[in-house]
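To find a chain, count down the sequence lines: A is the first, B the second, and so on, and within it residues start at 1. Remember, it's a predicted structure, so these values are computed and weren't measured experimentally.
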Amino acid sequence: MIQRKPLPSVVKFTQLLNAVAKMNHFSSSLHLFKQMCVVGVPVDAYSMNIAIKCCCQMSRTNDGFALLGCCFRQAVVPNVFTFSTLLDGLIREDRIIEAERLFKKLIKQKLCEPDVVMYSTMIKGLCKFGNNDIAIALLRLMDERGCKPNVVVYSTIIDSLCKDKMIEAAFKLFNEMVFAKGIQPDVITYNSLIYGLCNLCRWDKVSKLLKEMEEDVRISPNFQTFSILVDAFCKDGRVDEAEAVIDIMVERGEAPDIVTYNTLIDGYCLRGEMIKARMLFDSLTSKGLIPDVFSYNSLLNGYCKSLKIEEAMHMFHEITRKGLKPDIVSYSTMLQGLFRVGRCGEARKLFDEMRSQGLTPNECTYRIILDGLCNNRQVEDVLSLFHLVGDSKLNSDIQVYNILIDGMSKCGKLFIARDLFQDLTLKGLKPNVRTYNVMISGLCREGMPEEAKHLFRKMGESGCPPDGVTYNVLLQGYFKNQNYDDVEMLLQEMDGRRYSVDASTLSMLIDEMAAGSVDRSMLKLIGKLVPKEMMDTSAVPR
DNA sequence: GTAGGGTTAG
């Protein structure tokens with residue numbers, strides 16, 4: 001094109017730029033734009049906007065602003081498209097303050113009149129930063145200023161409310177859109193609502209909404225809708241329902257991809273249903289799909305959790321045989337599995353292999369190793385690793401302290417656990433509820449229920465109120481230390497906060513009742529603390 | 001005869 005004389009029109013060039021950009025080849029598109037400038041194509045706002053868009057999409061919004069400068073020099077007048085693109089770029093880069101500043105400046109200096117797209121972009125930015133209320137205020141404002149909100153504007157806010165689990169507010173806005181404004185929802189609006197409902201496990205409402213979609217001839221569930229459902233069902237452990245959704249996808253020609261199947265495989269693995277997981281995995285190739293590292297990682301995790309370490313190891317080697325490369329997750333999963341069955345030597349060898357493959361342990365790998373060593377009572381190794389890592393980012397993690405405090409007290413090194421508990425505050429870390437729980441459990445284990453009680457009382461004041469686990473741990477500690485005087489008060493407090501006893505506490509309580517250490521007057525209270533599921537005797541043969 | 005905004009997932 002650039003060799004033709006005369007040069008093709010800027011429109012022809014712009015079509016090319018746009019086509020390349022639409023294929024996500026932003027740097028190529030930008031390169032073409034630069035060449036256009038060099039050969040003297042008279043660039044206009046259209047082509048300029050595509051070039052700016054390319055910069056923004058590559059998270060180089062500053063370069064986009066530089067191009068805006070070029071606009072002014074070449075007497076190309078930026079328009080509402082230009083500014084919307086830049087505004088979107090800032091928001092993509094989480095530069096919300098600058099985005100707000102730009103938006104206000106555009107209005108104040110009348111550089112352009114915001115249209116519905118610009119408002120929706122700004123609203124998206126506000127939502128992204130948790131300002132749903134301000135986003136709604138802007139929705140009202142645009143309406144007042146004579147710019148009619150459309151389905152995109154509403155859907156943006158509805159989606160954000162759904163993500164923040166504010167489902168009632170989302171439906172309020174949805175009803176306003178449909179009934180007060182007469183704006184028809186589309187499949188994206190529905191997908192956001194379905195996602196929100198799934199997240200809250202409101203399955204009855206989900207199916208109601210799906211029916212509503214089916215009845216509306218203009219809208220039908222799409223690939224995304226089904227993906228949301230598969231994912232949500234799996235997360236809630238309802239893997240069979242997820243599989244049914246996949247069957248519907250196949251029927252409807254919305255071919256599930258490898259990611260969809262991986263979700264399902266992972267769902268089975270998390271439930272320990274390894275036979276089903278494996279069958280599904282083995283059936284992938286016949287469906288024309290090739291397992292990726294994620295597929296393997298789910299299986300590794302499943303086999304390791306089911307303590308089928310040989311099978312896990314076999315699949316691990318299979319990754320390389322299939323021409324894939326095990327990633328940090330594959331290695332970390334295998335390490336966890338090996339530690340779990342006490343094969344520390346092999347774990348060490350695998351760790352070295354991992355490093356020789358150029359993989360760097362991440363926070364998760366580090367925690368797995370610390371936890372694994374603790375559980376295998378390798379106290380010296382744990383401590384030397386911890387000190388070796390020193391004051392780095394890896395050790396600025398409350399979870400690391402939780403593992404170590406728990407590990408040390410379980411290995412009979414309560415004094416180390418206590419020191420760690422002291423030290424973490426010095427590092428600017430805040431103990432979370434798990435930190436307190438492991439520390440309280442440790443103190444009870446070593447016969448110090450008074451100190452445990454003291455810590456327990458301190459939790460509320462420290463802005464970290466005890467949870468159900470804390471109560472269970474402390475209750476068990478009181479019995480273990482024959483500290484019967486405090487039991488009743490603790491039980492009453494549990495009842496007041498609607499916490500219940502867990503299975504191990506319950507079995508301990510039963511033993512204590514049999515031994516006569518629980519006063520009969522407490523039986524009613526204890527009864528209230530036993531969750532209904534545990535009372536279910538239908539599974540117990542008579 | 002060309003440009004900008006909203007949904008899922010490891």
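- An OP1 or OP2 oxygen of dT8(B) is reached within less than 4.0 angstrom by a side-chain nitrogen or oxygen of K163(A).
- Of the residues in residues 40-61 of chain A, those placing a heavy atom less than 4.0 Å from an atom of DNA chain B are Y46(A), N49(A), I50(A), K53(A), in numerical order.
- Side-chain polar atoms of N62(A) and R95(A) form a donor-acceptor pair below 3.5 angstrom.
- A donor-acceptor contact closer than 3.5 angstrom is absent between the side chains of K53(A) and N49(A).
- When distances are taken from the side chain of S192(A) to each of dG6(B), dT2(B), dT7(B), the shortest belongs to dT7(B).
- Within 3.5 Å, no donor on the side chain of N262(A) pairs with an acceptor on the base of dA9(B), nor the reverse.
- As a whole-Å value, the separation of N191(A) CG from dA9(B) C1' is 13 Å.
- Whole-Å rounding puts the F294(A) CZ to dG10(B) C1' distance at 4 Å.
- In the set dG10(B), dT2(B), dG6(B), dT2(B) carries the atom at the smallest distance from any side-chain atom of V11(A).
- Across dG10(B), dT7(B), dG4(B), the shortest atom-to-atom separation from the side chain of I188(A) is found for dT7(B).
- Between dG6(B), dT2(B), dG10(B), one nucleotide has an atom nearer to the side chain of V151(A) than all others, and that is dG6(B).
- Residue-level contact check: V153(A) touches the bases, meaning some heavy atom is under 4.0 Å from a base atom.
- Residue D292(A) is classed as a base contact, given a heavy-atom separation below 4.0 Å to a base.
- In this model, a donor atom of one side chain and an acceptor atom of the other lie less than 3.5 Å apart for N432(A) and T435(A).
- Atom pair F83(A):CZ and dG5(B):P shows a separation of 17 Å (rounding to whole Å applied).
- Using modelled atom types, one finds a donor on one side chain and an acceptor on the other under 3.5 Å when comparing N395(A) with Y366(A).
- If you check every strand for non-hydrogen atoms under 4.0 Å, D186(A) touches a base.
- If you measure from atom CG of L284(A) to atom P of dG10(B), you get 16 Å, rounded to the nearest angstrom.
- Atom P of nucleotide dG6(B) and atom CD of Q224(A) are separated by 13 Å, given to the nearest angstrom.
- Among the atoms of the strands shown, only primed sugar atoms or phosphate atoms (P, OP1, OP2) are found under 4.0 Å from some heavy atom of K22(A).
- Within the nucleic acid shown, Y195(A) comes within 4.0 Å of sugar-phosphate atoms alone, with no base atom in reach, counting heavy atoms only.
- Residue pairs meeting the ring pair (Phe, Tyr, Trp, His ring centres under 6.0 Å) criterion with at least one member in residues 209-245 of chain A, sequence neighbours excluded: W203(A)-F233(A).
- What separates CE of M1(A) from C1' of dT2(B) is a distance of 12 Å, to the nearest Å.
- When distances are taken from the side chain of Q15(A) to each of dG1(B), dG6(B), dG4(B), the shortest belongs to dG1(B).
- Taking 3.5 Å as the limit, the base of dG5(B) and the side chain of S120(A) contain a donor-acceptor pair of atoms between them.
- A donor N or O paired with an acceptor N or O is found under 3.5 Å between the base of dG4(B) and the side-chain atoms of D115(A).
- At a cut-off of 3.5 Å, with distance as the only test, a side-chain donor of Q57(A) or R92(A) sits close to an acceptor on the other residue.
- Atom CE of M36(A) and atom C1' of dA3(B) are 12 Å apart (whole Å).
- The distance between atom CG of L32(A) and atom P of dT2(B), rounded to the nearest whole Å, is 18 Å.
- In this structure, a donor-acceptor pair under 3.5 Å is present between the side chains of T82(A) and N79(A).
- Checking dA3(B), dG4(B), dA9(B) against the side-chain heavy atoms of D257(A) singles out dA9(B) as nearest.
- A side-chain donor from one of D292(A) and S295(A) sits under 3.5 Å from a side-chain acceptor of the other.
- With respect to the salt-bridge test (charged N to carboxylate O, under 4.0 angstrom), the residues D467(A) and R434(A) do not qualify.
- Nucleic acid contact for D159(A): sugar-phosphate only, since backbone atoms but no base atoms lie under 4.0 Å from a heavy atom of the residue.
- Residue V293(A) is classed as having no contact, given no heavy-atom separation below 4.0 Å to the nucleic acid.
- Judged purely by distance below 3.5 Å, without hydrogens or angles, the side chains of Y268(A) and E243(A) pair a donor atom with an acceptor atom.
- You won't find any donor-acceptor pair under 3.5 Å spanning the side chain of T156(A) and the base of dG6(B), going by distance alone.
- Evaluation of atom-type donor-acceptor distances gives no pair under 3.5 Å for the side chain of T85(A) against the base of dG4(B).
- Among the protein residues, S160(A) comes within range of no part of the nucleic acid, since none of its heavy atoms lies under 4.0 Å from any strand.
- Near DNA chain B, meaning a heavy atom under 4.0 Å away, the residues from residues 226-251 of chain A are S227(A), I228(A), D231(A), K235(A).
- Looking at Y154(A) and E176(A), their side chains do bring a donor and an acceptor atom within 3.5 Å of each other.
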